[in-house]
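Okay, so here's the structure we're looking at.
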Amino acid sequence: MNKAKQKNWWVYLILCTGILFMFIPLLVTVISSFKPTKEITSNFFGLPKQFTLDNYSRLFEDGVVQYFGNSAMITIVAVVLMILVIPMAAFSVARQMNRKTAFNMIYFFLIIGIFVPFQVIMLPMTKLMSSLGLNNIIGLIILYLTYAVPQALFLYVGYIKTIVPEEMDEAAAIDGCDKFTMYWKIIFPLMKPMHATVLIINALWVWNDFLLPLLVLNRDQRMWTLPLFQYNYKGMYFSDYGPSFASYVVGIIPILIVYLIFQKHIISGMTSGSVK
């Protein structure tokens with residue numbers, strides 16, 4: 001018993017040390033956002049001599065609200081579309097893949113996209129979006145929905161086959177439900193843990209993504225997302241570290257709130273959705 005407790009003590013010590021190393025950069029970022037640039041360069045890890053909100057005032061004067069709004073709109077619309085569209089496809093595939101070869105082929109054709117590196121399709125994708133006139137926010141949302149399909153479909157299909165038995169479909173049909181009513185009122189609510197999982201994974205990705213907005217939106221400053229603004233802001237004001245750190249804090253807060261709200265569903269959704 002004593003050996004077991006001692007072993008657990010070392011495990012907790014290692015975990016706490018890891019948490020500390022991950023927490024330090026976040027703490028330094030928050031503290032630096034309240035320090036003048038001169039104080040950041042002279043005493044990077046020290047506490048500010050006097051807390052100031054000038055960095056945030058400067059940030060808002062430079063139009064961070066517009067870019068924050070662009071990121072919020074793109075993230076919300078893209079994630080909502082993922083949660084509405086992909087589960088419908090997953091439900092059809094999960095119910096038919098063992099009966100019809102075509103659905104089985106469609107499933108493996110779609111999830112194989114997980115293994116395709118983005119660098120392979122980056123240039124053809126950019127050329128295609130340009131030729132279609134989709135170098136805008138709508139085109140970016142379509143890309144996010146497309147790239148989310150392989151992983152989300154894999155998770156949803158596994159979750160449905162594991163958690164949602166086909167007997168529910170038969171019971172709903174006996175009660176007089178058509179296919180859509182049965183899916184929307186019975187199956188869709190049962191997938192709440194997986195909805196939360198897909199929401200967190202993809203909201204974190206879309207909100208923080210830099211490469212796709214750089215390729216699609218960089219031509220028009222009015223359509224910049226927050227990461228694009230942070231990148232170009234650092235370039236324009238390379239010596240003003242204070243406002244840059246303030247922009248990082250502004251970018252962290254929304255996704256942190258979303259994660260804290262939905263994180264309790266992530267583990268159950270991931271473990272259930274990856275069984276099959």
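Closest heavy-atom contact between P243 and L59: O-CD1, 3.7 Å. In this structure, A94 and K161 approach most closely via the heavy-atom pair CB-CG, 3.9 Å. Considering every non-hydrogen atom in both I31 and P48, the closest pair reads CG2-CD, 3.5 Å. Looking at every heavy atom in both residues, L228 comes nearest to P213 through CD1-O, 3.5 Å. Residues I141 and L81 come closest through the heavy atom pair CG2-CD1, 3.9 Å. When all heavy atoms of S32 and I40 are compared, the closest pair comes out as O-CD1, 3.3 Å.
I187 and W184 end up in the same hydrophobic cluster when Ile, Leu, Val, Met, Phe, Trp and Tyr side chains are linked at under 4.5 Å. Each of V120 and L123 belongs to its own hydrophobic cluster when Ile, Leu, Val, Met, Phe, Trp and Tyr are linked at side-chain heavy-atom distances under 4.5 angstrom. Placement of F21 and L13 in two distinct hydrophobic clusters is found when ILVMFWY residues are connected by side-chain heavy-atom separations under 4.5 Å, directly or transitively. Follow the hydrophobic side-chain contacts under 4.5 Å out from V85 and you never reach I160; the two are in separate clusters. Linking Ile, Leu, Val, Met, Phe, Trp and Tyr residues whenever their side-chain heavy atoms come within less than 4.5 Å leaves L260 and I19 in two separate clusters.
The shortest side-chain heavy-atom distance between M194 and I86 does not fall under the 4.5 Å cut-off. Counting heavy atoms from C-beta on, the side chains of N208 and P227 never come closer than 4.5 Å. With contacts defined as side-chain heavy-atom distances shorter than 4.5 Å, the pair T75/T225 does not qualify. Side chains of P36 and D54 form no contact here, defined as non-hydrogen atoms less than 4.5 Å apart. Under the 4.5 Å side-chain criterion, counting only non-hydrogen atoms from C-beta, V79 is not in contact with W207. By the 4.5 Å heavy-atom criterion applied to side chains, V64 and F229 are counted as neighbours. In this structure, F91 and F188 have side chains that are not in contact, with every pair of non-hydrogen atoms separated by 4.5 Å or more. Put simply, the side chain of N232 reaches to within 4.5 Å of the side chain of N218, judged on heavy atoms.
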Can you check side chain to side chain contact (heavy atoms under 4.5 Å, CB included) on L143 and L134, steps first, answer last?
CA-CA 10 Å; L143 283 177; L134 289 175; over 6 Å; no
Does the pair Y241 and E39 meet the rule for a side-chain hydrogen bond (donor to acceptor under 3.5 Å, both in side chains), with working shown?
CA-CA 10 Å; Y241 296 112; E39 195 172 336; over 6 Å; no
Derivation and outcome, side chain to side chain contact (heavy atoms under 4.5 Å, CB included), residues L215 and M129:
CA-CA 10 Å; L215 295 173; M129 298 301 286; over 6 Å; no
For F118 and M125, what are the C-alpha separation, side-chain angles and deciding distance, and is it a side chain to side chain contact (heavy atoms under 4.5 Å, CB included)?
CA-CA 10 Å; F118 178 74; M125 179 273 298; 3.9 Å; yes
Test R58 against N55 for side chain to side chain contact (heavy atoms under 4.5 Å, CB included), laying out the working first.
CA-CA 5 Å; R58 169 72 177 276; N55 295 328; 5.8 Å; no
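The line from CD1 of I186 to CG of L190 is 8.0 Å long, rounded to the nearest 0.5 Å. Rounding to the nearest 0.5 Å gives a distance of 9.0 Å between OG1 of T146 and CE of M82. Between the CG atom of D209 and the CD1 atom of I74 there is a distance of 10.0 Å, given to the nearest 0.5 Å. Atoms OG and NZ, from S42 and K49 in turn, are 6.5 Å apart once rounded to the nearest 0.5 Å. Atom CG of N136 is separated from atom CE of M223 by 6.0 Å, given to the nearest 0.5 angstrom. One distance of note links OH of Y147 with CG of L212; it measures 6.0 Å at 0.5 Å rounding.
Here the side chain of S130 pairs no donor or acceptor atom with the backbone of K127 at under 3.5 angstrom. Side chain of N70 to main chain of R222: a donor-acceptor pair is present (N/O by atom type, distance under 3.5 Å, no hydrogens or angles). With hydrogens and angles disregarded, no donor-acceptor distance shorter than 3.5 Å links the side chain of D175 to the backbone of C177. In this structure a side-chain-to-backbone donor-acceptor pair under 3.5 Å is missing from K35 to T41. Although no hydrogens or angles enter the test, the distance criterion places no donor-acceptor pair under 3.5 Å between the side chain of S71 and the main chain of F68. Within the 3.5 Å criterion, the main-chain N or O of Y159 finds no donor-acceptor partner in the side chain of T162. Although no hydrogens or angles enter the test, the distance criterion places a donor-acceptor pair under 3.5 Å between the side chain of S131 and the main chain of L128.
Residues Q96 and Y107 have side chains that never bring a donor and an acceptor to within less than 3.5 angstrom of each other.
Applying the ring pair (Phe, Tyr, Trp, His ring centres under 6.0 Å) test between Y231 and each of F210, W224, Y248 identifies F210 as the sole match.
Around atom CE of M105, no more than 12 heavy atoms belonging to other residues, nucleotides or ligands sit under 6.0 Å away. Around CG of L26, the count of heavy atoms belonging to other residues, nucleotides or ligands within 6.0 Å exceeds 12.
The aromatic ring centroids of F34 and F245 lie 6.0 Å or more from each other.
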